[in-house]
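What follows is a single structure, written as structure tokens, with notes after it.
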There are 2 protein chains.
Amino acid sequence: MRLVIADCAAHYTGRLSAHLPLARRLVVVKADGSVLLHSDGGSYKPLNWMSPPCTLVVSEPDDDEAAAGLTAVWDVQHTKSDDHLRIEIYEVVLDTTADLGIDPGLVKEGVEAHLQALLAEQIELLGPGHTLVRREYMTAIGPVDILARDPRGGSVAIEIKRRGEIDGVEQLTRYLDLLNRDPLIAPVRGVFAAQQIKPQARVLATDRGIECLVLDYDAMRGVDDVDARLF
Amino acid sequence: MRLVIADCAAHYTGRLSAHLPLARRLVVVKADGSVLLHSDGGSYKPLNWMSPPCTLVVSEPDDDEAAAGLTAVWDVQHTKSDDHLRIEIYEVVLDTTADLGIDPGLVKEGVEAHLQALLAEQIELLGPGHTLVRREYMTAIGPVDILARDPRGGSVAIEIKRRGEIDGVEQLTRYLDLLNRDPLIAPVRGVFAAQQIKPQARVLATDRGIECLVLDYDAMRGVDDVDARLF
DNA sequence: CATTGCATGTCGTCG
DNA sequence: CGACGACGTGCAATG
């Protein structure tokens with residue numbers, strides 16, 4: 001990894017065109033040739049960047065450029081597309097290189113998959129007498145997160161999100177349309193389950209006869225722990 | 001901006017829990033206190049990070065930790081939520097600070113807004129005799145990209161995407177449902193316009209009686225340049 | 001390899 | 001300040 005702090009300007013052409021005026025920035029060149037241009041604010045997203053696979057070519061400025069203060073021109077070319085990033089380097093404040101080796105990577109816990117597992121275990125959160133049919137119930141247009149059966153034997157399709165927004169309701173609606181065409185399992189109720197449900201999503205769901213269920217992740221995890229302790 | 005290259009481990013708790021095993025990494029601390037942990041690969045997204053606003057507290061390791069090789073513990077606490085990132089610093093290879101100042105920011109061209117402007121100017125791409133009613137036609141559920149009128153006086157609602165996928169068709173469908181409830185402008189035709197339209201989106205649109213229009217950005221820009229030259 | 005759906009998404013914009 | 005849609009979205013899992 002090479003770290004450079006320098007006054008620089010940049011031009012990107014690819015899916016769009018963009019320009020970055022002259023200013024002092026951090027330039028990171030990773031081992032795979034990818035490049036990040038960071039300012040001293042914003043968030044983790046760089047002002048501009050080039051994703052791997054790509055190649056970096058450093059060249060000397062021509063006479064006019066040198067007269068304007070350029071000390072180097074970096075051309076970063078994406079290997080598989082015509083995306084291109086040109087960085088004009090002016091005064092360099094820091095230029096250092098370090099060998100980092102391969103990273104073991106991030107270990108995650110607590111994503112949507114976990115919510116789905118918990119709700120499958122605690123399917124009676126839908127109401128007493130509900131039973132699990134199966135998780136990831138396959139249909140022609142993709143898997144329904146959970147398919148369940150209500151106390152009267154009717155089918156229930158459940159879509160789970162961490163945060164429930166309109167596109168989740170649309171997704172569930174497509175599943176319901178499809179499932180309700182199958183006379184073997186129709187009629188199918190829909191349940192939209194999420195840790196938080198946005199008002200517009202709730203309105204749309206209600207308008208379509210889809211039930212909303214707010215999930216309390218901590219409480220569900222707590223029940224799970226208690227179960228684990230008892231058995 | 002402070003740059004540190006060090007052997008480190010990290011734990012994040014917030015919207016999820018995650019752990020980063022000991023390895024050599026780049027740690028960037030920005031002026032607003034935000035922190036990025038980068039490995040020497042991947043992409044522009046850090047392995048782990050904390051977004052502003054947040055505060056960084058550096059503390060000494062306790063005896064056990066010091067015996068294990070820790071030289072410092074960094075606790076990054078988000079100011080408005082309970083997101084927390086703890087970084088355990090072991091051997092430090094580089095530790096440098098630079099003042100970058102405020103960045104003038106990125107200047108963009110060629111996004112969806114530009115496509116919309118071009119199609120508004122070149123509305124006859126829909127077919128001869130079409131006229132523009134207005135861009136960003138407001139409805140209760142959001143703005144329709146373009147509202148136009150066909151040669152026979154009927155209304156046309158246009159949704160524009162760079163890449164046309166299913167959710168764009170869903171969005172246009174919601175607008176059409178709403179607009180067609182208004183007797184003053186009903187019936188309203190739908191046109192789904194994009195530089196590229198995915199097969200599934202085309203099938204769904206066609207099934208719903210929505211017309212698909214593939215936009216050639218370069219050609220449209222070319223026409224625009226010619227116009228600009230002529231007038 | 002193309003498609004799909006998630007993300008600690010981030011980021012602007014508008015009400 | 002919250003909600004919503006766009007993004008050079010990136011990214012992994014899957015058919």
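Residue numbers start from 1 in every chain, and the chains themselves are labelled A, B, ... in the order their sequence lines are given, proteins ahead of strands. Computed from heavy atoms alone, side chains included, the values below leave out hydrogens, waters and symmetry copies.
Applying the salt bridge (Lys or Arg N to Asp or Glu O under 4.0 Å) rule to pairs touching residues 19-34 of chain A yields A:Asp7-A:Arg24, A:Arg24-A:Glu91, A:Arg25-B:Asp103, sequence neighbours excluded. Residues in residues 189-199 of chain A take part in these salt bridge (Lys or Arg N to Asp or Glu O under 4.0 Å) pairs, two or more places apart or across chains: A:Asp150-A:Arg189, A:Glu165-A:Lys198, A:Arg189-A:Glu211.
By the side chain to side chain contact (heavy atoms under 4.5 Å, CB included) test, B:Val133 is found to be paired with B:Leu147, B:Arg149, residues two or more places apart in sequence or in another chain being considered. Legend: residues meeting side chain to side chain contact (heavy atoms under 4.5 Å, CB included) with B:Ala31, ordered by chain and number and at least two apart, are A:Asp40. When the ring-ring contact (aromatic ring centres under 6.0 Å, His included) test is applied to A:Tyr44, the partners found at least two apart in sequence or on another chain are B:Trp49. For B:His84, there are no ring-ring contact (aromatic ring centres under 6.0 Å, His included) partners two or more places apart in sequence or in a different chain. Residues satisfying the salt bridge (Lys or Arg N to Asp or Glu O under 4.0 Å) criterion with A:Glu88, sequence neighbours excluded, are A:Arg86. Considering only residues two or more places apart in sequence or on other chains, A:Arg134 meets the side chain to side chain contact (heavy atoms under 4.5 Å, CB included) condition with A:Tyr137. Under the side chain to side chain contact (heavy atoms under 4.5 Å, CB included) criterion, A:Thr206 pairs with A:Arg202, not counting sequence neighbours.
Among the atoms of the strands shown, base atoms are found under 4.0 Å from some heavy atom of A:Leu106.
Regarding A:Lys161, its NZ atom lies at a distance of 6 Å from the C1' atom of C:dG5, rounded to whole Å. To the nearest angstrom, P of D:dA6 lies 14 Å from CD of B:Glu170. In this structure, B:Asp83 places its CG atom 15 Å from P of C:dA7, rounding to the nearest Å. Rounded to whole Å, atom C1' of D:dG10 lies 14 Å from atom CG of A:Asp32. For A:Gln116 and C:dG5, the CD to P distance is 14 Å, given to the nearest whole Å. Rounded to whole Å, atom C1' of C:dG5 lies 9 Å from atom CD of A:Glu159. We find that CD of A:Glu136 is positioned 8 Å from P of D:dT14, with the value rounded to whole Å. Distance B:Asp167 CG to C:dG5 C1': 11 Å, rounded to the nearest Å.
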Polar-atom pairs under 3.5 Å, protein N or O versus N or O of nucleotides 1-4 of chain C: list them with distances, or write none.
{"unit_1": "C:dT4", "atom_1": "OP1", "unit_2": "B:Gln200", "atom_2": "OE1", "d": "2.3"}
{"unit_1": "C:dT4", "atom_1": "OP1", "unit_2": "B:Gln200", "atom_2": "NE2", "d": "2.3"}

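With respect to the salt-bridge test (charged N to carboxylate O, under 4.0 angstrom), the residues B:Arg208 and B:Glu170 qualify.
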- line: DNA chain D in dot-bracket form (Watson-Crick or G-U pairs under 3.5 Å, [ ] crossing, | inter-strand) is |||||||.|||||||

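Closest to the side chain of B:Arg174, out of D:dA6, C:dG5, D:dG5, is D:dG5.
For the pair A:Gln171 and B:Tyr12, both in contact range of DNA chain C, the more 5′-proximal nearest nucleotide belongs to A:Gln171.
Heavy-atom contacts from other residues, nucleotides or ligands closer than 6.0 Å to CG of B:Leu22 number more than 12.
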- request: Report, as a single string ordered 5' to 3', how protein heavy atoms within less than 4.0 Å touch nucleotides 9-15 of chain C: B base, S sugar-phosphate only, - not at all.
  value: SSS----

